[in-house]
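Below is one structure, written out as C-alpha coordinates; comments come after it.
These values consider heavy atoms only, across backbone and side chains, with no hydrogens, waters or symmetry-generated copies. In what follows, chains carry the letters A, B, and so on, assigned in the order in which the sequence lines appear, proteins first and then strands, with residues in each chain numbered from 1. Keep in mind it's a predicted model, so treat the numbers as computed, not measured.
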Protein chains: 2
Amino acid sequence: MNIGDVSSRSGLPAKTIRYYEDIGLIKPHRSANGYRCFAETDLHKLAFLGRARALGFTIEDCRTLMALYEDESRASADVKQLALEHLAKIEEKIADLQAMHDTLGELVKCCAGDSRPDCPILKDLSGES
Amino acid sequence: MNIGDVSSRSGLPAKTIRYYEDIGLIKPHRSANGYRCFAETDLHKLAFLGRARALGFTIEDCRTLMALYEDESRASADVKQLALEHLAKIEEKIADLQAMHDTLGELVKCCAGDSRPDCPILKDLSGES
DNA sequence: ATGAGGGTTCCAGCGAGGGGAAGGTCAAGG
DNA sequence: CCTTGACCTTCCCCTCGCTGGAACCCTCAT
(Lines give C-alpha, C1' and ligand atoms only; values in the text may rest on other atoms or scores of the structure.)
Protein backbone atom coordinates (compact mmCIF):
# COMPACT_ATOMS: atom_id res chain seq x y z
CA MET A 1 0.00 0.00 0.00
CA ASN A 2 1.12 3.53 -0.72
CA ILE A 3 0.62 6.35 1.70
CA GLY A 4 -2.54 7.58 0.00
CA ASP A 5 -4.30 4.26 0.47
CA VAL A 6 -3.23 4.06 4.08
CA SER A 7 -4.34 7.62 4.59
CA SER A 8 -7.86 7.02 3.31
CA ARG A 9 -8.18 3.68 5.06
CA SER A 10 -6.93 4.96 8.41
CA GLY A 11 -8.51 8.38 8.18
CA LEU A 12 -5.19 10.02 9.04
CA PRO A 13 -3.69 12.68 6.77
CA ALA A 14 -0.60 11.60 4.84
CA LYS A 15 1.32 14.35 6.60
CA THR A 16 0.47 12.84 9.95
CA ILE A 17 1.54 9.40 8.82
CA ARG A 18 4.90 10.71 7.65
CA TYR A 19 5.25 12.50 10.93
CA TYR A 20 4.54 9.31 12.85
CA GLU A 21 7.26 7.58 10.90
CA ASP A 22 9.57 10.49 11.57
CA ILE A 23 9.19 10.15 15.32
CA GLY A 24 9.47 6.40 15.16
CA LEU A 25 5.91 5.31 15.87
CA ILE A 26 5.75 3.25 12.70
CA LYS A 27 8.41 1.84 10.42
CA PRO A 28 6.99 1.19 6.95
CA HIS A 29 9.20 -0.45 4.34
CA ARG A 30 10.26 1.27 1.15
CA SER A 31 9.59 0.20 -2.40
CA ALA A 32 12.32 0.30 -5.02
CA ASN A 33 11.15 3.75 -6.15
CA GLY A 34 11.53 5.17 -2.65
CA TYR A 35 7.83 5.19 -1.86
CA ARG A 36 6.72 4.09 1.57
CA CYS A 37 5.27 0.61 1.41
CA PHE A 38 2.75 -0.14 4.16
CA ALA A 39 1.72 -3.58 5.37
CA GLU A 40 -1.56 -4.38 7.06
CA THR A 41 0.17 -4.28 10.44
CA ASP A 42 1.20 -0.69 9.76
CA LEU A 43 -2.38 0.19 8.95
CA HIS A 44 -3.47 -1.49 12.13
CA LYS A 45 -0.96 0.48 14.16
CA LEU A 46 -2.07 3.72 12.58
CA ALA A 47 -5.68 2.98 13.41
CA PHE A 48 -4.58 2.23 16.97
CA LEU A 49 -2.76 5.55 17.11
CA GLY A 50 -5.72 7.39 15.66
CA ARG A 51 -8.02 6.03 18.34
CA ALA A 52 -5.56 6.71 21.13
CA ARG A 53 -5.07 10.28 19.92
CA ALA A 54 -8.84 10.71 19.66
CA LEU A 55 -9.03 9.82 23.34
CA GLY A 56 -6.58 12.64 24.00
CA PHE A 57 -3.49 10.60 24.78
CA THR A 58 -0.26 12.42 24.03
CA ILE A 59 2.14 11.07 21.45
CA GLU A 60 4.40 9.82 24.22
CA ASP A 61 1.46 8.06 25.84
CA CYS A 62 0.70 6.51 22.47
CA ARG A 63 4.25 5.27 22.23
CA THR A 64 3.91 3.63 25.62
CA LEU A 65 0.48 2.21 24.78
CA MET A 66 1.80 0.70 21.55
CA ALA A 67 4.70 -0.84 23.42
CA LEU A 68 2.30 -2.31 25.96
CA TYR A 69 0.04 -3.52 23.19
CA GLU A 70 2.93 -5.33 21.55
CA ASP A 71 4.19 -6.74 24.80
CA GLU A 72 2.35 -10.03 25.24
CA SER A 73 3.46 -10.24 28.85
CA ARG A 74 2.22 -6.79 29.87
CA ALA A 75 0.23 -6.27 33.03
CA SER A 76 -3.12 -4.63 32.45
CA ALA A 77 -2.37 -2.62 35.59
CA ASP A 78 0.22 -0.65 33.63
CA VAL A 79 -2.29 0.22 30.95
CA LYS A 80 -4.88 1.12 33.53
CA GLN A 81 -2.49 3.37 35.40
CA LEU A 82 -1.64 5.29 32.25
CA ALA A 83 -5.34 5.63 31.48
CA LEU A 84 -6.12 6.78 35.00
CA GLU A 85 -3.42 9.43 34.90
CA HIS A 86 -4.76 10.64 31.60
CA LEU A 87 -8.26 10.64 32.99
CA ALA A 88 -7.09 12.82 35.86
CA LYS A 89 -5.55 15.31 33.44
CA ILE A 90 -8.78 15.42 31.47
CA GLU A 91 -10.72 16.08 34.63
CA GLU A 92 -8.37 18.87 35.55
CA LYS A 93 -8.78 20.49 32.16
CA ILE A 94 -12.54 20.19 32.37
CA ALA A 95 -12.51 21.78 35.80
CA ASP A 96 -10.37 24.67 34.53
CA LEU A 97 -12.63 25.21 31.57
CA GLN A 98 -15.71 24.94 33.72
CA ALA A 99 -14.38 27.60 36.06
CA MET A 100 -13.74 29.92 33.11
CA HIS A 101 -17.16 29.12 31.77
CA ASP A 102 -18.88 29.91 35.04
CA THR A 103 -17.05 33.18 35.56
CA LEU A 104 -17.48 34.36 32.01
CA GLY A 105 -21.08 33.20 31.97
CA GLU A 106 -21.84 35.36 34.98
CA LEU A 107 -20.24 38.38 33.39
CA VAL A 108 -22.06 37.84 30.12
CA LYS A 109 -25.33 37.57 31.95
CA CYS A 110 -24.73 40.96 33.54
CA CYS A 111 -23.84 42.67 30.27
CA ALA A 112 -26.66 44.54 28.58
CA GLY A 113 -25.17 43.99 25.16
CA ASP A 114 -26.59 47.15 23.70
CA SER A 115 -25.13 50.25 22.08
CA ARG A 116 -24.05 51.85 25.35
CA PRO A 117 -20.41 51.63 26.46
CA ASP A 118 -21.18 50.45 29.99
CA CYS A 119 -19.92 46.90 30.28
CA PRO A 120 -19.46 44.71 33.36
CA ILE A 121 -17.18 42.38 31.41
CA LEU A 122 -14.65 45.11 30.75
CA LYS A 123 -15.18 46.42 34.24
CA ASP A 124 -14.23 43.06 35.68
CA LEU A 125 -11.20 42.67 33.44
CA SER A 126 -9.96 46.09 34.36
CA GLY A 127 -10.05 45.17 38.03
CA GLU A 128 -12.93 47.33 39.23
CA SER A 129 -14.77 44.81 41.30
CA MET B 1 9.14 50.86 37.34
CA ASN B 2 11.47 48.24 35.95
CA ILE B 3 10.24 44.98 34.56
CA GLY B 4 10.91 43.07 37.78
CA ASP B 5 8.60 45.31 39.76
CA VAL B 6 5.90 45.11 37.13
CA SER B 7 6.32 41.37 37.02
CA SER B 8 5.84 40.89 40.74
CA ARG B 9 3.02 43.41 40.91
CA SER B 10 1.13 41.98 37.94
CA GLY B 11 1.96 38.35 38.60
CA LEU B 12 3.10 37.92 35.00
CA PRO B 13 6.58 36.55 34.24
CA ALA B 14 9.04 39.08 32.82
CA LYS B 15 9.27 36.90 29.71
CA THR B 16 5.57 37.26 29.15
CA ILE B 17 5.70 41.01 29.60
CA ARG B 18 8.50 41.32 27.03
CA TYR B 19 6.49 39.10 24.72
CA TYR B 20 3.44 41.31 25.10
CA GLU B 21 5.55 44.30 24.16
CA ASP B 22 6.94 42.36 21.22
CA ILE B 23 3.50 41.72 19.79
CA GLY B 24 2.40 45.26 20.46
CA LEU B 25 0.00 44.77 23.37
CA ILE B 26 1.85 47.28 25.52
CA LYS B 27 4.32 50.02 24.71
CA PRO B 28 6.46 50.84 27.76
CA HIS B 29 8.92 53.70 27.54
CA ARG B 30 12.66 53.24 27.82
CA SER B 31 15.01 54.75 30.34
CA ALA B 32 18.35 56.23 29.28
CA ASN B 33 20.04 52.93 30.06
CA GLY B 34 17.76 51.00 27.72
CA TYR B 35 15.66 49.46 30.47
CA ARG B 36 11.93 49.30 29.98
CA CYS B 37 10.24 51.96 32.06
CA PHE B 38 6.65 51.11 33.01
CA ALA B 39 3.98 53.57 34.05
CA GLU B 40 0.96 52.71 36.20
CA THR B 41 -1.16 52.53 33.06
CA ASP B 42 1.12 49.79 31.71
CA LEU B 43 0.73 47.86 34.92
CA HIS B 44 -3.01 48.28 34.66
CA LYS B 45 -3.02 46.99 31.10
CA LEU B 46 -0.94 44.00 32.09
CA ALA B 47 -3.33 43.16 34.88
CA PHE B 48 -6.18 43.44 32.39
CA LEU B 49 -4.36 41.10 30.02
CA GLY B 50 -3.62 38.68 32.82
CA ARG B 51 -7.27 38.46 33.75
CA ALA B 52 -8.42 38.13 30.16
CA ARG B 53 -5.90 35.35 29.53
CA ALA B 54 -6.99 33.64 32.74
CA LEU B 55 -10.50 33.55 31.30
CA GLY B 56 -9.07 31.77 28.30
CA PHE B 57 -9.28 34.57 25.77
CA THR B 58 -6.70 34.29 23.00
CA ILE B 59 -4.08 36.97 22.53
CA GLU B 60 -6.01 38.30 19.56
CA ASP B 61 -9.17 38.44 21.65
CA CYS B 62 -7.18 40.32 24.27
CA ARG B 63 -6.04 42.79 21.67
CA THR B 64 -9.64 43.41 20.69
CA LEU B 65 -10.79 43.61 24.30
CA MET B 66 -8.10 46.17 25.10
CA ALA B 67 -9.12 48.22 22.09
CA LEU B 68 -12.73 48.10 23.22
CA TYR B 69 -11.73 48.98 26.74
CA GLU B 70 -9.87 52.04 25.52
CA ASP B 71 -12.64 53.08 23.18
CA GLU B 72 -14.93 55.25 25.25
CA SER B 73 -17.63 55.05 22.62
CA ARG B 74 -17.71 51.26 22.37
CA ALA B 75 -20.97 49.35 22.37
CA SER B 76 -21.22 46.76 25.11
CA ALA B 77 -22.82 44.53 22.48
CA ASP B 78 -19.41 44.13 20.81
CA VAL B 79 -17.83 43.01 24.05
CA LYS B 80 -20.68 40.67 24.77
CA GLN B 81 -20.50 39.10 21.33
CA LEU B 82 -16.80 38.38 21.73
CA ALA B 83 -17.47 36.89 25.13
CA LEU B 84 -20.32 34.76 23.82
CA GLU B 85 -18.20 33.41 21.00
CA HIS B 86 -15.49 32.54 23.47
CA LEU B 87 -18.03 30.94 25.74
CA ALA B 88 -19.20 28.76 22.87
CA LYS B 89 -15.63 27.61 22.20
CA ILE B 90 -15.20 26.77 25.84
CA GLU B 91 -18.39 24.75 25.79
CA GLU B 92 -17.19 22.89 22.73
CA LYS B 93 -13.91 22.04 24.39
CA ILE B 94 -15.67 20.88 27.51
CA ALA B 95 -17.95 18.68 25.44
CA ASP B 96 -14.98 17.14 23.62
CA LEU B 97 -13.16 16.49 26.85
CA GLN B 98 -16.30 15.12 28.46
CA ALA B 99 -16.74 12.68 25.60
CA MET B 100 -13.17 11.49 25.98
CA HIS B 101 -13.66 11.26 29.70
CA ASP B 102 -16.80 9.17 29.37
CA THR B 103 -15.31 6.78 26.84
CA LEU B 104 -12.06 6.35 28.68
CA GLY B 105 -13.86 6.09 31.99
CA GLU B 106 -15.92 3.19 30.67
CA LEU B 107 -12.82 1.41 29.44
CA VAL B 108 -10.97 1.96 32.68
CA LYS B 109 -13.90 0.58 34.62
CA CYS B 110 -13.76 -2.62 32.57
CA CYS B 111 -10.02 -3.10 33.04
CA ALA B 112 -9.02 -5.43 35.83
CA GLY B 113 -5.75 -3.61 36.39
CA ASP B 114 -3.89 -6.65 37.60
CA SER B 115 -0.83 -8.54 36.47
CA ARG B 116 -2.56 -10.33 33.60
CA PRO B 117 -2.14 -9.04 30.04
CA ASP B 118 -5.85 -9.05 29.22
CA CYS B 119 -6.93 -5.45 28.81
CA PRO B 120 -10.15 -3.99 27.40
CA ILE B 121 -8.48 -0.61 26.94
CA LEU B 122 -5.90 -2.00 24.53
CA LYS B 123 -8.58 -4.16 22.98
CA ASP B 124 -10.65 -1.12 22.21
CA LEU B 125 -7.72 0.86 20.88
CA SER B 126 -6.74 -2.00 18.61
CA GLY B 127 -10.21 -2.00 17.10
CA GLU B 128 -11.53 -5.30 18.44
CA SER B 129 -14.94 -4.19 19.53
C1' DA C 1 5.48 14.68 -25.26
C1' DT C 2 2.78 16.13 -21.92
C1' DG C 3 -0.21 16.50 -18.21
C1' DA C 4 -2.41 14.78 -14.05
C1' DG C 5 -1.99 12.80 -9.99
C1' DG C 6 0.56 10.23 -7.10
C1' DG C 7 4.96 10.21 -4.24
C1' DT C 8 9.57 12.27 -1.84
C1' DT C 9 12.37 15.65 1.00
C1' DC C 10 13.05 19.76 3.61
C1' DC C 11 11.87 24.20 5.70
C1' DA C 12 8.66 27.35 8.05
C1' DG C 13 4.93 28.25 10.97
C1' DC C 14 0.98 27.96 14.38
C1' DG C 15 0.01 29.80 20.18
C1' DA C 16 1.84 31.53 23.98
C1' DG C 17 5.35 31.78 25.86
C1' DG C 18 9.94 29.16 28.42
C1' DG C 19 15.07 28.32 28.82
C1' DG C 20 19.31 29.83 28.57
C1' DA C 21 23.55 32.27 26.58
C1' DA C 22 26.16 36.48 26.08
C1' DG C 23 26.56 40.83 27.51
C1' DG C 24 25.27 45.80 29.65
C1' DT C 25 24.04 48.41 34.21
C1' DC C 26 23.70 49.59 38.89
C1' DA C 27 24.16 49.70 44.04
C1' DA C 28 26.61 47.93 47.92
C1' DG C 29 30.68 46.13 50.22
C1' DG C 30 35.83 45.41 50.83
C1' DC D 1 38.86 51.58 42.95
C1' DC D 2 37.37 46.98 42.18
C1' DT D 3 34.38 43.32 42.56
C1' DT D 4 30.25 40.89 43.40
C1' DG D 5 25.58 39.94 42.68
C1' DA D 6 21.24 41.23 41.17
C1' DC D 7 19.15 43.20 37.73
C1' DC D 8 18.35 44.28 32.83
C1' DT D 9 18.99 43.72 27.50
C1' DT D 10 18.71 41.03 22.99
C1' DC D 11 18.96 36.79 20.61
C1' DC D 12 17.92 32.26 19.29
C1' DC D 13 16.15 27.64 20.03
C1' DC D 14 12.49 24.59 22.22
C1' DT D 15 7.79 23.11 23.28
C1' DC D 16 3.29 19.92 20.85
C1' DG D 17 1.25 17.84 17.06
C1' DC D 18 0.91 18.56 13.35
C1' DT D 19 0.00 21.63 8.64
C1' DG D 20 1.31 24.19 4.44
C1' DG D 21 4.17 24.90 0.79
C1' DA D 22 8.22 24.61 -2.36
C1' DA D 23 10.89 21.90 -5.28
C1' DC D 24 11.49 17.79 -7.12
C1' DC D 25 10.71 12.53 -8.68
C1' DC D 26 7.63 8.54 -10.47
C1' DT D 27 3.96 6.48 -13.18
C1' DC D 28 0.32 6.08 -16.23
C1' DA D 29 -2.90 7.73 -19.78
C1' DT D 30 -3.56 10.46 -23.60
Side-chain angles (χ1 to χ4, degrees), chain A residues 1-39 42-43 45-46 48-66 86 89-90 92-93 96-97 100, chain B residues 1-38 42-43 45-46 48-66 85-86 89-90 92-93 96-97 100:
Chain A
M1 266 181 294
N2 283 346
I3 201 167
D5 308 316
V6 184
S7 171
S8 54
R9 287 183 61 188
S10 68
L12 297 173
K15 280 274 189 189
T16 300
I17 297 172
R18 291 195 194 96
Y19 173 65
Y20 286 174
E21 180 187 14
D22 228 47
I23 61 174
L25 282 177
I26 53 167
K27 303 197 198 318
H29 292 115
R30 296 292 177 135
S31 307
N33 58 12
Y35 287 15
R36 285 169 187 81
C37 173
F38 296 84
D42 295 316
L43 182 56
K45 282 189 189 181
L46 287 168
F48 183 101
L49 290 169
R51 278 183 288 263
R53 293 286 301 130
L55 284 178
F57 285 104
T58 67
I59 292 284
E60 283 317 301
D61 284 345
C62 289
R63 201 187 295 280
T64 306
L65 285 169
M66 287 260 302
H86 181 42
K89 280 179 210 145
I90 291 177
E92 197 181 326
K93 280 188 198 166
D96 288 352
L97 286 169
M100 289 179 192
Chain B
M1 266 181 292
N2 282 346
I3 200 167
D5 308 317
V6 183
S7 172
S8 56
R9 286 183 62 188
S10 68
L12 297 173
K15 280 273 188 188
T16 298
I17 297 173
R18 291 195 194 99
Y19 174 66
Y20 286 174
E21 181 186 15
D22 227 48
I23 62 175
L25 282 176
I26 51 168
K27 303 197 197 318
H29 291 117
R30 295 292 176 137
S31 307
N33 58 13
Y35 287 16
R36 285 171 187 79
C37 175
F38 296 84
D42 295 316
L43 181 56
K45 281 189 190 183
L46 287 169
F48 182 100
L49 291 169
R51 276 183 288 262
R53 293 285 302 129
L55 283 179
F57 285 103
T58 66
I59 291 284
E60 283 318 301
D61 284 346
C62 290
R63 201 186 296 279
T64 306
L65 285 170
M66 288 260 302
E85 283 166 12
H86 181 43
K89 279 179 210 145
I90 291 176
E92 198 182 325
K93 278 188 200 167
D96 288 352
L97 286 170
M100 289 180 193

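- Between the C1' atom of D/dC8 and the CZ atom of B/R30 lies a distance of 10 Å, rounded to the nearest Å.
- As rounded to whole Å, 13 Å separates atom P of D/dC18 from atom CG of A/D22.
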Chi angles and distances behind the side chain to side chain contact (heavy atoms under 4.5 Å, CB included) call for A/R63, A/I23: CA-CA 10 Å; A/R63 201 187 295 280; A/I23 61 174; 4.1 Å; yes
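- Taking atom CD1 of A/I23 as the reference point, atom P of D/dT19 lies 12 Å away to the nearest angstrom.
- Of all the heavy atoms in B/I90 and A/M100, the pair that sits closest is CD1-CB, 4.0 Å.
- In this model, the phosphate group of D/dT19 is approached by a side-chain N or O of A/T16 to a distance below 4.0 Å at OP1 or OP2.
- Of the candidates D/dT9, C/dG18, D/dC25, the closest approach to any side-chain atom of A/Y35 belongs to D/dC25.
- In this structure, B/R18 reaches the bases: a heavy-atom distance under 4.0 Å links it to at least one base atom across the strands shown.
- A/E21 has its CD atom 18 Å from the P atom of D/dG17, to the nearest Å.
- Ranking C/dT9, D/dC8, D/dT9 by closeness to the A/R36 side chain, first place goes to C/dT9.
- For the pair B/K89 NZ and C/dG15 P, the interatomic distance rounds to 12 Å; values are reported in whole Å.
- We find that CZ of B/F57 is positioned 17 Å from P of C/dG15, with the value rounded to whole Å.
- Taking the side chain of B/R53 as heavy atoms from C-beta on, and the options D/dG17, C/dG17, D/dC8, the nearest nucleotide is C/dG17.
- Judged by distance alone, the side chain of A/N33 and the main-chain N or O of A/Y35 form a donor-acceptor pair under 3.5 Å.
- Although no hydrogens or angles enter the test, the distance criterion places a donor-acceptor pair under 3.5 Å between the side chain of B/S10 and the main chain of B/V6.
- Each of D/dT9, D/dT27, D/dG17 was ranked by its minimum atom distance to the side chain of A/N33; first place goes to D/dT27.
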Test side chain to side chain contact (heavy atoms under 4.5 Å, CB included) applied to B/D5 and B/F38, step by step: CA-CA 9 Å; B/D5 308 317; B/F38 296 84; over 6 Å; no
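- At the heavy-atom level, A/I3 lies under 4.0 Å from the strands shown only through sugar-phosphate atoms.
- In this model, the phosphate group of C/dG15 is not approached by any side-chain N or O of B/T58 to a distance below 4.0 Å at OP1 or OP2.
- Residues B/G56 and B/A32 each lie close to DNA chain C; by heavy-atom proximity, the contact nearer the 5' end of the strand is made by B/G56.
- Across all strands, B/Y20 comes closer than 4.0 Å only to sugar-phosphate atoms, never to a base (heavy-atom distances).
- For B/Y19 and C/dG18, a side-chain-to-base donor-acceptor distance below 3.5 Å is absent, hydrogens and geometry of angles not being considered.
- Within 3.5 Å, no donor on the side chain of A/K15 pairs with an acceptor on the base of D/dG17, nor the reverse.
- Atom CD1 in A/I17 sits roughly 11 Å away from atom P in D/dT19 (whole-Å rounding).
- The interatomic distance linking A/E60 (CD) with D/dC18 (C1') rounds to 15 Å, in whole Å.
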